[in-house]
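Naming: A, B, ... by sequence-line order, numbering from 1 per chain. Bear in mind the structure is a predicted one, so any value in this text is a computation, not a measurement. Note that these values count all heavy atoms, side chains included, but never hydrogens, waters or copies made by symmetry.
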Number of protein chains: 2
Amino acid sequence: MGLKGELLRQRIVAAADQLFYQQGFENTSFNDIASAVEISRGNFYYHFKSKDEILQAVIHNRSEEIKQILDNWDQQHNDPKLGIIHYIDILTTMQENIANSGCPIGGICSELAKIDHAMQDDANQLYTLFIDWLTIKFKQLGHSKNARQLAMHLLARSQGIASVTNSFGDKAFLKYEVKLLKQWLDDITG
Amino acid sequence: MGLKGELLRQRIVAAADQLFYQQGFENTSFNDIASAVEISRGNFYYHFKSKDEILQAVIHNRSEEIKQILDNWDQQHNDPKLGIIHYIDILTTMQENIANSGCPIGGICSELAKIDHAMQDDANQLYTLFIDWLTIKFKQLGHSKNARQLAMHLLARSQGIASVTNSFGDKAFLKYEVKLLKQWLDDITG
DNA sequence: GTCTATATACGGATAGAC
DNA sequence: GTCTATCCGTATATAGAC
């Protein structure tokens with residue numbers, strides 16, 4: 001495949017990624033994606049043979065993005081507590097998007113679970129990337145016995161915050177809850 | 001409308017309610033509902049003129065159910081802390097359903113937000129029923145200044161727990177988090 | 001009230017011209 | 001590689017017989 005083809009493919013994935021996030025997977029049609037990229041539906045099928053194939057590409061794309069984010073944090077420093085704070089701060093950084101569209105991972109996982117989609121497990125893996133990474137950090141902080149529980153607790157807290165922030169479009173609530181999360185982190189790290 | 005008609009209408013609402021919960025609103029067709037109630041699609045439109053009308057009936061139905069639950073708790077006793085514990089215990093009572101289908105309120109709110117549905121605000125009102133009720137309880141416990149914040153905090157925690165439990169189908173996680181919620185309640189009530 | 005038959009629209013997917 | 005044209009299935013909704 002040529003360079004131009006690769007670039008277009010990447011543009012399609014990026015457009016689909018954004019639309020799936022904003023509108024949901026099922027509610028996004030080929031027409032929507034094709035319009036966004038300004039190509040015809042026919043051309044579309046040259047790059048992806050089915051809608052599931054796009055979903056797969058989108059999930060893979062998000063997975064790579066997450067890995068890169070975590071790598072970047074690790075390269076900036078090796079302070080586990082600071083790493084966890086970086087994680088919490090995503091809520092603040094993404095507050096506008098969260099208020100409008102919720103959590104990009106939670107959204108796709110919930111939807112795929114409801115429609116009982118085959119790619120459900122792949123979507124859950126996006127969660128697992130964060131959980132595994134956070135688990136390591138909590139272990140480094142001395143919580144070797146319940147590190148994973150702490151990681152999942154933090155994930156669930158974030159998820160709930162994103163969900164409620166999205167339903168009520170209430171960014172003040174998000175800010176307050178971020179403060180609580182940092183207090184919680186201080187409490188368990190001393 | 002006769003008695004039989006009313007009963008059938010209620011059966012349709014009950015079936016739609018369950019299917020919307022398990023499969024989502026958009027992913028549930030008239031055929032699905034009609035099959036569940038064992039009537040024809042044509043008959044269907046005698047009772048409901050559109051799909052939105054069923055959605056409205058379902059949301060109203062859930063609203064009445066929630067009000068009744070809260071009323072029942074209030075009639076059993078007037079201990080505010082015990083009331084909040086009742087709320088937390090729904091997670092345990094519904095753990096099987098939550099593992100399979102998530103939270104019935106969070107599910108519909110998220111979905112309607114994503115498809116930008118007109119009835120979004122009505123769905124959010126289901127949340128508000130709990131928030132208002134919990135706010136009163138926290139006020140009675142002496143947290144007059146931040147009662148609503150505490151109520152929304154608890155709601156978000158429950159929501160996150162339901163969401164993660166659903167994604168991973170992990171009831172052990174739910175049980176552990178319920179324990180944490182009760183610890184949190186003990187901490188703020190003393 | 002309940003049914004069958006049908007109108008209409010849309011989404012995913014394919015065929016074939018260029 | 002990109003396009004237009006088209007097939008096919010399904011979903012909402014309506015018309016009209018019984």
Side-chain angles (χ1 to χ4, degrees), chain A residues 1-59 108 111-112 114-120 122-123, chain B residues 1-59 108 111-112 114-120:
Chain A
M1 196 177 290
L3 179 62
K4 197 178 167 191
E6 270 304 311
L7 280 173
L8 180 52
R9 188 192 150 93
Q10 195 46 42
R11 277 175 56 214
I12 294 172
V13 172
D17 195 332
Q18 193 183 6
L19 286 166
F20 289 175
Y21 176 40
Q22 293 169 339
Q23 312 181 342
F25 169 66
E26 287 271 86
N27 194 44
T28 299
S29 69
F30 280 153
N31 250 334
D32 294 334
I33 305 172
S35 302
V37 192
E38 288 178 317
I39 59 169
S40 70
R41 266 185 320 199
N43 187 358
F44 207 98
Y45 281 89
Y46 174 78
H47 297 277
F48 296 95
K49 280 187 279 297
S50 72
K51 200 180 178 185
D52 282 1
E53 220 169 86
I54 305 173
L55 177 62
Q56 194 169 25
V58 166
I59 291 175
I108 197 74
E111 184 176 359
L112 296 188
K114 279 244 180 293
I115 65 179
D116 205 25
H117 195 283
M119 226 155 285
Q120 202 177 331
D122 300 68
Chain B
M1 197 178 290
L3 178 62
K4 195 178 169 192
E6 270 304 310
L7 280 173
L8 179 51
R9 189 192 151 91
Q10 195 46 42
R11 276 174 57 214
I12 293 172
V13 172
D17 196 331
Q18 193 183 6
L19 286 167
F20 289 175
Y21 175 42
Q22 293 169 338
Q23 311 181 344
F25 169 64
E26 289 270 86
N27 195 43
T28 300
S29 70
F30 281 155
N31 247 335
D32 293 336
I33 305 171
S35 302
V37 192
E38 287 178 319
I39 59 170
S40 71
R41 268 184 321 207
N43 187 359
F44 207 97
Y45 280 91
Y46 175 79
H47 297 278
F48 296 95
K49 279 186 280 296
S50 72
K51 200 180 178 184
D52 282 1
E53 219 168 88
I54 305 172
L55 177 61
Q56 195 169 25
V58 166
I59 291 175
I108 197 76
E111 184 175 0
L112 297 187
K114 278 243 180 295
I115 63 179
D116 204 27
H117 195 282
M119 225 156 285
Q120 203 177 330

Calculate the interatomic distance between [X] atom [atom1] and [N] atom [atom2]; express it in whole Å.
X: B:F44; N: C:dA5; atom1: CZ; atom2: P; result: 20 Å
X: B:F48; N: D:dT14; atom1: CZ; atom2: P; result: 15 Å
X: A:Y45; N: C:dG16; atom1: OH; atom2: C1'; result: 16 Å
X: B:N31; N: D:dG9; atom1: CG; atom2: P; result: 16 Å
X: A:I12; N: D:dT2; atom1: CD1; atom2: C1'; result: 11 Å
X: A:L7; N: D:dT2; atom1: CG; atom2: C1'; result: 16 Å
X: B:E26; N: C:dC10; atom1: CD; atom2: C1'; result: 13 Å
X: A:N27; N: C:dG12; atom1: CG; atom2: P; result: 10 Å

* To do: Report yes if a side-chain nitrogen or oxygen of B:N43 is closer than 4.0 Å to either non-bridging phosphate oxygen (OP1 or OP2) of C:dC3; otherwise report no.
  =>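 Yes.
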* Side-chain heavy-atom pair A:R11, A:I39 within 4.5 angstrom cut-off ->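 Counting from C-beta outward, A:R11 and A:I39 never come under 4.5 Å.
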* Asked: Within a strict 4.5 Å, meaning less than it, do heavy atoms of the B:I33 and B:F20 side chains meet?
  ->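 The answer is yes, as the side chains (C-beta and beyond) meet within the 4.5 Å cut-off.
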Can you tell which of [options] lies closest to the side chain of [X]?
X: A:L8; options: D:dA13, C:dG11, D:dT2; value: D:dT2
X: A:Y46; options: C:dG12, D:dT2, C:dT2; value: D:dT2
X: B:R41; options: D:dG1, D:dT12, D:dC3; value: D:dT12
X: A:K51; options: D:dC3, D:dA11, C:dG12; value: C:dG12
X: A:H47; options: D:dT2, D:dA13, C:dG12; value: D:dT2

Point-to-point distance, once rounded to the nearest 0.5 Å, from [atom1] of [X] to [atom2] of [Y]:
X: A:E26; Y: A:L112; atom1: CD; atom2: CG; value: 8.5 Å
X: A:Y45; Y: A:K51; atom1: OH; atom2: NZ; value: 9.0 Å
X: A:T28; Y: B:I115; atom1: OG1; atom2: CD1; value: 11.5 Å

* Closest-nucleotide 5' rank along DNA chain C - winner of A:F25 and B:S40 ->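 In this pair, the answer is B:S40.
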* Using a 4.0 Å heavy-atom cut-off across all strands, classify B:F30 as base, sugar-phosphate, or nothing. =>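 Contact class for B:F30: sugar-phosphate only.
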* Asked: At under 4.0 Å between heavy atoms, what does A:S29 touch on the DNA or RNA strands: base, sugar-phosphate, or nothing?
  ->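 Sugar-phosphate only.
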